[in-house]
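Below: the structure, in structure tokens.
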Amino acid sequence: MLDIKLIREHPDVVRENLRKRGNGEKVQILDELIAHDNEWRRLLTEANKLRHERRGITNSIASLKKEGKSIQAQISKGRMLDKEIVAIEKRRDEYKEKVDHILMRLPNLLHESVPVGEGESGNVEVRVWGKPPDFSFTPVNHLEIAKNLELIDDKRGAKVAGHGFLYLRDDLVLLDLALQRFAIDFMIKKGFNLVEPPFMMKRRPYEGVTDLSDFENVMYKVEGEDLYMIATAEHPLAAMYMDEVFLEEDLPLKLVGVSPCFRKEVGAHGKYTKGLFRMHQFNKVEQFAFCLPENSWDVHEDLQGNAEELYQELQLHHKVVNVCTGDIGAVAAKRYDINIWMADDVYREIGSNSNCTDYQARRLNIRYREKEGQSPKGFVHTVNNTGIATSRTMMAILEQHQKSDGTVSIPDVLVKYMSGIRNLKLH
RNA sequence: GCGGGGUUGCCCUAGCCUGGUAGGGGGCAGGCCUGCUAAGCCUGUGGUCCAUCGGGCCGCGCGGGUUCAAAUCCCGCACCCCGCGCCA
């Protein structure tokens, strides 16, 4: 959520931001917001004047009573005023609701380094690590490899849970767990605190962390309960400190969350949905940080470095892109994606890293104070970054580390987490 | 799931029975005093709106209700603590 004061004082900045994002239609709702906010403030001031008058009457009744005088005239005067107050406050609240409604729908302000562009094609490459594998045979996709090795059962997954669900089997389950343990140990060494969050959360904290359209397109709702299945550990991690105030010396607070992720993937038609790439359920180790506003850009780069190191240790060729205005999403001020090479010679997203600045913190009311005993100074910044999404990482390992005989070699760093297994092969 | 207790400002706490401007302590910030330090004393402390000084409104877990007037009375809900029950 943006600061309403910023919108009042610098509407041109916000308007320009919406244009850059290609949210032309939102420029209009911004103008509506400003008009509604003006009207809200006018009605608020008017209501406050009436309430002030009303308080005077109430107080005069108390003193008249003490003197034993009649209070009837004051009571009827008060009743008249009450009617006016109720009417004005009803209108005031209607405008306030309109203001909040729009405010919750405006995207975050972009960082100046975000490239302007439309869709994925507008993303700008900033780094490449490694090269495409030099195969002496025609590489095949991970689903084919995994099915040949009897490590994935997609037919039964579909039978039992529907499209987008798989049974993982045997060594692929071990690989999933190995990736999680590898990433967890890595992040702990980097000074992160390990957290397993709740896998469901209530609506109010959920509204604090995400775009409202996600409630239709992304999250599963638990029927009959005020609970949603988490789409990523980022969400419960961000909401963990809702309505709290950090002490400046405790920041940055870096958390590594491990959890399954549940996503409806509404509107995924036409996108690449093969095998492990786009599923309704997968496991992820997530980096998350709360930090001071002045540090968030450093922390953002810091987490990016961690993610790149992870894929380097796994010997996975990838590219880093600065995600453009048309592809970045509402919550982030800046985002890097890591795109992984796949066997069809296409690079696909394996993780992303977003600085959300104070956008989530304002919605969640997470602040910081300079010293114990002082009042809060401002909102913290939040940064979230995929450490390892096991599904897409397994996919990349299968495709990049496949061999001509249909087996797959396990990256060295994972072997100790795989009970010594060095290859995926048919048993 | 049942019973009891609780939720007041940055923190702790009084006020609730018996409705009438939320009091005290601590912390923090600023000031006074002081040769220096400590102590002491004074002022301030959340959100928001209008405005030149300044002033108003809101805020006692959340939402309703009663009343001229609600932290206080009534109803509903959430969360926390204790005990009981059930349970991997």
Side-chain angles (χ1 to χ4, degrees), chain A residues 1-9 11 33-104 196-208 221-222 224-228 236 239-251 260 290 292 358 361-380:
Chain A
M1 187 163 67
L2 298 180
D3 186 354
I4 185 79
K5 284 180 189 157
L6 175 92
I7 296 171
R8 283 175 196 152
E9 287 161 23
L33 169 69
I34 292 165
H36 292 154
D37 180 54
N38 282 332
E39 188 61 8
W40 171 70
R41 284 190 286 168
R42 193 183 69 75
L43 290 166
L44 176 67
T45 303
E46 205 175 321
N48 285 350
K49 275 186 198 147
L50 292 174
R51 276 192 173 269
H52 182 56
E53 207 179 314
R54 185 66 181 78
R55 169 165 293 177
I57 293 170
T58 297
N59 290 341
S60 73
I61 287 172
S63 42
L64 285 173
K65 242 183 156 177
K66 231 183 252 171
E67 294 164 24
K69 292 181 183 161
S70 165
I71 57 173
Q72 278 316 310
Q74 296 300 86
I75 287 178
S76 54
K77 227 164 120 186
R79 291 212 165 110
M80 301 256 291
L81 258 184
D82 283 343
K83 275 185 198 155
E84 266 186 81
I85 290 172
V86 166
I88 282 209
E89 291 195 339
K90 183 165 172 264
R91 286 176 59 210
R92 178 198 65 184
D93 294 345
E94 281 165 10
Y95 278 99
K96 179 66 173 155
E97 211 170 294
K98 287 180 190 178
V99 166
D100 289 344
H101 181 87
I102 296 174
L103 211 46
M104 284 295 274
E196 182 183 281
F199 300 160
M200 300 173 216
M201 45 193 280
K202 299 196 266 192
R203 176 127 192 159
R204 146 111 214 271
Y206 226 135
E207 284 183 350
K221 170 141 180 47
V222 178
E225 307 269 347
D226 178 25
L227 286 173
Y228 295 82
M240 192 171 171
Y241 290 91
M242 177 171 78
D243 294 325
E244 295 193 36
V245 184
F246 283 106
L247 206 52
E248 191 171 307
E249 65 183 36
D250 294 333
L251 296 174
F290 298 96
L292 293 174
D358 61 1
R362 183 171 286 108
R363 285 161 89 122
L364 288 167
N365 189 32
I366 305 174
R367 295 170 294 170
Y368 69 95
R369 71 175 101 254
E370 287 181 289
K371 264 194 269 175
E372 200 92 56
Q374 293 189 344
S375 295
K377 192 181 177 197
F379 294 103
V380 298

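FYI, side chains are in, hydrogens and waters are out, and symmetry mates aren't considered; it's all heavy atoms of this structure.
Comparing B:rC50, B:rG20, B:rU48 by their nearest atom to the side chain of A:Thr45 picks out B:rC50. For A:Ile75, the listed nucleotide lying nearest its side chain is B:rC68; candidates were B:rC79, B:rC68, B:rC10. Considering only side-chain atoms of A:Thr58, the nucleotide from B:rC49, B:rC58, B:rA69 that sits closest is B:rA69.
With the nearest nucleotide of RNA chain B identified for both A:Glu53 and A:Asp37, A:Asp37 has the one nearer the 5' end. Both A:Glu372 and A:Asp82 sit near RNA chain B, but only A:Glu372 has its closest nucleotide nearer the 5' end.
Atom C1' of B:rG55 sits at a distance of 29 Å from the matching atom of B:rU67, rounded to the whole Å. Using C1' as the reference atom, B:rC11 and B:rG5 are 22 Å apart when rounded to the nearest Å. Only the P atoms considered, B:rA71 is 8 Å distant from B:rA22, to the nearest whole Å. Rounded to whole Å, the separation between the C1' atoms of B:rC16 and B:rG23 comes to 14 Å. With P as the reference atom, B:rC49 and B:rC36 are 44 Å apart, rounded to whole Å. When the P atom is compared between B:rG40 and B:rG26, the two are found 9 Å apart, to the nearest whole Å. Separation of the P atoms belonging to B:rU34 and B:rA38 is 15 Å when rounded to the nearest angstrom. If you take atom C1' in B:rU48 and the same atom in B:rG9, they sit 15 Å apart, rounded to whole Å.
For the OP1/OP2 pair of B:rC68 and a distance below 4.0 Å, the side-chain nitrogens and oxygens of A:Arg79 include at least one atom meeting the criterion. Within the 4.0 Å cut-off from OP1 or OP2 of B:rU67, not a single side-chain nitrogen or oxygen of A:Arg54 is found. Of the side-chain N and O atoms in A:Arg41, one or more sit less than 4.0 angstrom from OP1 or OP2 of B:rC50.
As a whole-Å value, the separation of A:Arg55 CZ from B:rC57 P is 5 Å. For the pair A:Lys371 NZ and B:rG26 P, the interatomic distance rounds to 18 Å; values are reported in whole Å. The separation between A:His52 atom NE2 and B:rC57 atom P is 5 Å, rounded to whole Å. As a whole-Å value, the separation of A:Ile71 CD1 from B:rG20 C1' is 12 Å. The CG-C1' distance, from A:Leu44 to B:rG47, rounds to 12 Å in whole Å. One can place CZ of A:Phe246 at 17 Å from P of B:rC10, the figure rounded to the nearest angstrom. Here the P atom of nucleotide B:rU21 and the CD1 atom of A:Ile57 are 17 Å apart, to the nearest Å. In this structure, the CG atom of A:Asp243 is 12 Å from the P atom of B:rC11, given to the nearest Å.
Backbone-only contact: A:Arg8 has heavy atoms under 4.0 Å from sugar-phosphate atoms and none from a base.
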CA sep, side-chain torsions, deciding dist, call: A:Glu39, A:Arg42, salt bridge (charged side-chain N to carboxylate O under 4.0 Å, His left out): CA-CA 5 Å; A:Glu39 188 61 8; A:Arg42 193 183 69 75; 2.9 Å; yes

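B:rG1 and B:rC84 make up a base pair, with Watson-Crick or G-U wobble contacts both under 3.5 Å. Base-pair partner of B:rG23: B:rU13 (Watson-Crick or G-U wobble, both distances under 3.5 Å). In this structure, B:rC79 and B:rG6 make a Watson-Crick or G-U wobble pair, each of the two defining distances being under 3.5 angstrom. When Watson-Crick and G-U wobble pairs are counted only if both distances are under 3.5 Å, B:rU48 pairs with B:rG56.
Using cut-offs of 30° and 60° on the angle between ring planes, the pair A:Phe246 and A:Phe290 is tilted.
For A:Ile61 against A:Gln74, the heavy-atom pair with the smallest separation is CG1-CB, 3.7 Å. The minimum heavy-atom distance linking A:Tyr368 with A:Leu251 is given by the pair CB-CD1, 3.9 Å.
Counting only residues at least two apart or in different chains, salt bridge (charged side-chain N to carboxylate O under 4.0 Å, His left out) contacts with residues 53-62 of chain A comprise A:Arg54-A:Asp82.
Shown here is A:Lys49, whose NZ atom has no more than 12 heavy atoms of other residues, nucleotides or ligands within 6.0 Å.
Counted by atom type alone, A:Arg51 and A:Asn48 present zero donor-acceptor pairs between their side chains at under 3.5 Å.
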